[in-house]
Amino acid sequence: MWRQCIDKSYNSKFVQLNKIHPIRMGTFYILFIAVISAVVVHGTFDMKKQNIVFIMADDLGWNDVSFHGTDQILTPNIDMLGYSGVALERYYSHCICTPSRSAFLTGKYAHVTGMQGYPLTNSEDRGLPITEKILPQYLKELGYATHLVGKWHVGGSRGEYLPLKRGFDTHFGHMGGFVDYYEYTLEEKLSNDLVSGLNLYRNETPAWDVEGYLTDLYNKEAISIIKSHDESTPLFLMLAHMAPHGSNDGALLQAPPQDVRTMRHVESPERRIFAAMVKKLDDSVGDVVEALEEKGILNNTIIVFVSDNGAMTSGNSVNYGSNWPLRGLKMSPFEGGIRLAGVMWTPLPKANHLYRGYVHVVDWLPTLLNAVGAELPNNIDGISLWDDIIINKESSRKEMFEIDDMFGFASIISNDFKLVTGNVTPEYSDYQGGGSLLRIIGKPPSYFDAIKKSKAYKSLEKIDRLKDTEYYKNVRNTLKVNCDHIDESQICYTKSDKLCLFNIKDDPCETKDLSALFPDLVESMLLRLTEEKKRLIPRSPLYRNPKSNPAFFNYTWTTFADHL
Ligand SMILES: *[C@@H]1O[C@H](CO)[C@@H](O)[C@H](O)[C@H]1NC(C)=O
Ligand SMILES: *[C@@H]1O[C@H](CO)[C@@H](O)[C@H](O)[C@H]1NC(C)=O
């Protein structure tokens with residue numbers, strides 16, 4: 001039975017070595033036993049490779065999930081995965097969609113593949129280089145069925161960039177940054193002309209025939225994939241919801257009216273719609289957990305839930321999300337842009353704790369490959385944190401970079417400290433998403449009622465994976481970031497010739513610049529940053545090609561560069 005959990009290549013090597021040399025054969029046995037015992041000790045031993053369901057939210061802020069402490073927007077299903085699995089206290093990502101998704105798929109920092117900076121536009125002829133091997137390709141080699149539902153956003157201008165050419169068996173979703181939640185169109189300005197085209201596809205074919213609210217469509221697709229999945233192969237499902245990203249400028253926030261009605265306790269009318277968008281996202285997480293349980297495979301599935309970057313409380317694609325009290329928004333290297341909601345649920349009952357160490361988006365690829373007993377690539381930036389997280393020991397992730405040659409900022413986190421340098425748009429460096437945005441009319445809905453009514457709670461109860469309410473309260477209290485007094489006149493803003501140093505453990509809100517106090521630390525961190533910048537591949541300048549105009553392609557955004 002154990003044979004099934006070992007990569008087929010082991011078996012073929014076994015045969016070859018057997019033929020070649022009996023001594024090497026013995027070496028191989030020792031290696032083999034070592035692998036097996038490592039697998040058994042770490043608990044990944046199973047008859048079958050575990051399924052992986054990776055759920056990514058879009059522009060969901062730190063303060064937009066209730067397990068971080070808020071009562072205003074309740075996310076009981078997401079929270080339950082954290083309470084029954086591992087809630088990640090210090091989950092970090094890149095600060096923009098395209099970079100985060102590139103980093104997740106490759107296990108490499110975005111600046112190493114040239115995918116950093118301003119998110120990919122549909123009129124740009126650019127994509128994640130096809131020389132990069134990505135997670136679904138690794139999993140495909142291990143025999144996984146691979147499905148992408150939702151957002152791609154790492155290249156759509158050429159056929160070779162598309163998900164089906166890069167390891168996914170199926171894709172239903174939007175190729176670019178966002179679409180209208182009902183019309184599935186994306187608008188862009190091409191030489192001062194606002195153009196619009198359909199951006200929703202089923203396996204590369206424009207999906208003219210579908211109808212409904214986008215989050216529901218993606219949810220239905222994910223459930224149908226789970227239900228019809230053939231259990232003789234392991235499943236990799238990437239569910240990249242668009243929620244709660246803003247839509248086109250003219251209709252930024254969209255949710256079904258009946259769901260907005262349930263949010264009448266939210267005072268801000270914009271955030272009320274946003275709250276309904278988050279509710280739909282959370283409902284989908286509940287439906288996915290329920291579908292896995294009903295199929296009887298929840299106890300053999302790893303579920304990850306993360307956001308891709310912080311909320312966009314104001315500015316371009318504003319969604320009225322909140323990173324409060326963390327500083328800064330999406331598109332900034334401050335904590336609000338990069339410190340995010342993160343949860344990993346596994347079938348291992350002992351992996352049930354709050355994990356306080358760093359985890360970075362580049363770490364998912366090796367961590368998940370490790371979890372399913374695969375060999376790890378060695379040319380990546382990611383580190384497998386599987387053991388660290390499961391056993392709840394100190395994180396091997398000590399250092400993280402955010403390098404953006406387009407906006408011209410860079411930051412390095414090293415242990416407790418973070419150094420930020422260069423130009424960050426001041427609006428994106430500020431404290432937003434507090435005050436009136438968080439106000440509640442009357443009493444908020446009851447948190448623990450919502451928890452107990454959630455589908456995730458009921459499904460996890462069925463496989464005996466609940467803990468007591470006290471534990472949930474403790475996790476929630478620990479995750480709530482409190483920054484008693486933020487004196488905005490003392491805030492350090494970076495410029496091309498001005499850097500700031502923060503202790504992000506003692507001062508998670510980045511209020512106190514410590515650079516004058518620790519000049520040696522500043523110097524050594526700058527040195528590391530300079531070294532890392534040598535690996536950077538420049539982000540090509542943003543050129544919106546007029547030949548991409550959907551009017552030339554039956555009003556769809558398409559692989560226009562194949563036709564140039
Ligand atoms: C998972 O649960 C199903 C029934 O719900 C059971 O048949 C199966 O043996 C369990 N698998 C594991 C790996 O525990
Ligand atoms: C062109 O667009 C229309 C919708 O405007 C759609 O019904 C039709 O199927 C499309 N044609 C092709 C060939 O995709």
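We count ligands from 1, going down the list as the structure has it; atoms in each ligand are counted the same way. Small disclaimer: the values here were computed from a predicted structure and weren't measured.
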### Query
Do H360 and H94 have ring centres separated by under 6.0 Å?
yes
### Query
What about the rings of F178 and H153, do their centers lie closer together than 6.0 Å?
no
### Query
Got a sec, which residues hit side-chain contact (heavy atoms from CB on, under 4.5 Å) with Q254, two or more places apart in sequence or on another chain?
D180, Y181, Y182, S247, A251
### Task
Only counting residues at least two apart or in another chain, list the ones meeting ring pair (Phe, Tyr, Trp, His ring centres under 6.0 Å) with F172.
Y218
### Query
In terms of heavy-atom contacts, does CD of E211 have more than 12 from other residues, nucleotides or ligands at under 6.0 Å?
no
Every pair of nitrogen or oxygen atoms between ligand 2 and the protein that is under 3.5 angstrom apart - can you list them with their distances to 0.1 Å?
{"unit_1": "ligand 2", "atom_1": "2 (O)", "unit_2": "N554", "atom_2": "OD1", "d": "3.0"}
{"unit_1": "ligand 2", "atom_1": "2 (O)", "unit_2": "N554", "atom_2": "ND2", "d": "2.6"}
{"unit_1": "ligand 2", "atom_1": "11 (N)", "unit_2": "N554", "atom_2": "ND2", "d": "2.7"}
{"unit_1": "ligand 2", "atom_1": "14 (O)", "unit_2": "N554", "atom_2": "ND2", "d": "3.4"}

### Task
Could I get the full list of ring pair (Phe, Tyr, Trp, His ring centres under 6.0 Å) partners for Y320, not counting sequence neighbours?
none
